[in-house]
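Single-structure report; data block below.
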Amino acid sequence: MNQADSDIITTLLGNGGYRQASSEEEAGIILLNTCAVRENAVERIAHYLQHLKGVKKRYPDLLVGLSGCIPQYRRETLFDDFPLLDFLAGPDTYRALPSLIAEAASGCRRVSRLDFDTSETYVGVEPSRSATLSAFVPVMRGCNNMCAFCVVPFTRGRERSHPTEAVLNEVRALSESGCREITLLGQNVNSYRDPAAGTDFSRLLDAVSREVPGIRIRFTTSHPKDMSCSLAETMAARPNICNHIHLPVQSGSTRMLGRMNRGHTIEEYRDRIGMIRNMIPGISFSTDLIAGFCGETEDDHRKTLELMRDIRFDSAFMFYYSVRPGTPAARTMHDDVSEDVKKRRLQEIIDLQNSISSELFGEAVGTVVEVLAETESRRSSLQLMGRTETNRVVVFDRGRHSPGDLVRVKITGSSSATLRGEALPDY
Ligand code: SF4
């Protein structure tokens, strides 16, 4: 989502007469577009700002700004914590960036625009995308849920969706420009509702896949409680919609899901996975997992490991819980799992996921898969890197193929994160 936002910001600044610099030294303005979802992301920005202090000493006219979720989330303290900052913009106020920069350049330091605007979707702003083969297309912004651990409702505000027609126009233009894969994006993408007609995400997905039948379609991130039967039907019916779903579960314990305010039980999650697997054989799932959320017992943790063994996710984003100030958990719960226990549980989750991924990838050896080639491999120009429609990374001997080709690849080896193979000549 932040990458997609950065592409929108680049366009808005370009329209305002600014152009991208090639280095820190050349830049007159440095703008960091930020994420606040984990403490680690906030720490990285703090380190980079520390580095920019030195740059600003050398170039006193340099303007430094933050945009995105951190300014929205830490608006009260940022200017005091980081006196080098000149301007701040939130996720709904990127359009104000050219005027904020102009104000800051005229000597009026510490300027900000951080209001929520529930009508802002940036529809009509064509993102400046750097990649040509694959593209993110935001279809909704914000989140109406209130998961106890999450800052998103406080940084991005309430849900709002793009009109279906605007999404179709955007994917059509991408298709005409040579794009081969589109990922529809939203914080809670499957709660999409067309603002006028009220049509849901399965209808949008169906319409997009028909509009650009030669392009692979993906989407992220889905919420389990909005994972409908009609969405699975659409995926099963349309050949260009990739058979992969990122479906965050966070914990394998219904008790913890209740404390997290996730809005579903673990039985409901298992049922949805079962329903989708029945309809789409061979589909892959990835997930998000949090170790050591407030009140988590060894029994809750054991249930998470049990769920992982049963579902066999292809991959997972795995973290241990850290308090995000201002969230429901920070206000009403005690962060009572010690750091040692959180780290140990997280390590057990990571070890299990690595062994499941290794098994699943090992089972793929000997099969033939269709891969969309994305780039040359980092190790050798004689190899290409691409993904299967189930989102598995494949590195293969390229033969006569180039990035952008759909290639049939025979899988000859695997690790826990990558498949290796060779292009078959007859494709
Ligand atoms: S669904 Fe929950 S975790 Fe996801 S963005 Fe919304 S509040 Fe955060």
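As the structure lists them, so they are numbered: ligands from 1, and atoms in each ligand from 1.
With hydrogens and angles left out, the side-chain atoms of D314 and H244 include no donor and acceptor closer than 3.5 Å. Side-chain atoms of Q353 and S357 include a donor-acceptor pair closer than 3.5 Å. For the residue pair Y192 and T164, a side-chain donor N or O sits within less than 3.5 Å of a side-chain acceptor on the partner.
Side-chain contact between V394 and T388 is present, with at least one heavy-atom pair separated by less than 4.5 Å.
Around atom 8 (Fe) of ligand 1, protein N, O or S atoms at a distance under 2.8 Å total 1; waters are neither shown nor counted.
In this structure, the protein non-hydrogen atom closest to atom 4 (Fe) of ligand 1 is R262 NH1, 4.4 Å.
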The test is ring-ring contact (aromatic ring centres under 6.0 Å, His included); show your working for Y320 and F293 and say whether it passes.
CA-CA 8 Å; Y320 68 78; F293 183 66; over 10 Å; no
Could you pull out all donor-acceptor pairs under 3.5 Å where a side-chain atom in residues 36-44 meets a protein atom, sequence neighbours excluded?
| residue | atom | partner | partner atom | Å |
| --- | --- | --- | --- | --- |
| E39 | OE1 | R324 | NH1 | 2.5 |

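Set against the non-hydrogen atoms of H223, the atoms of ligand 1 under 4.0 Å away are 1 (S).
Using the six-membered ring where Trp is involved, F313 and Y269 have ring planes that are tilted, between 30° and 60° apart.
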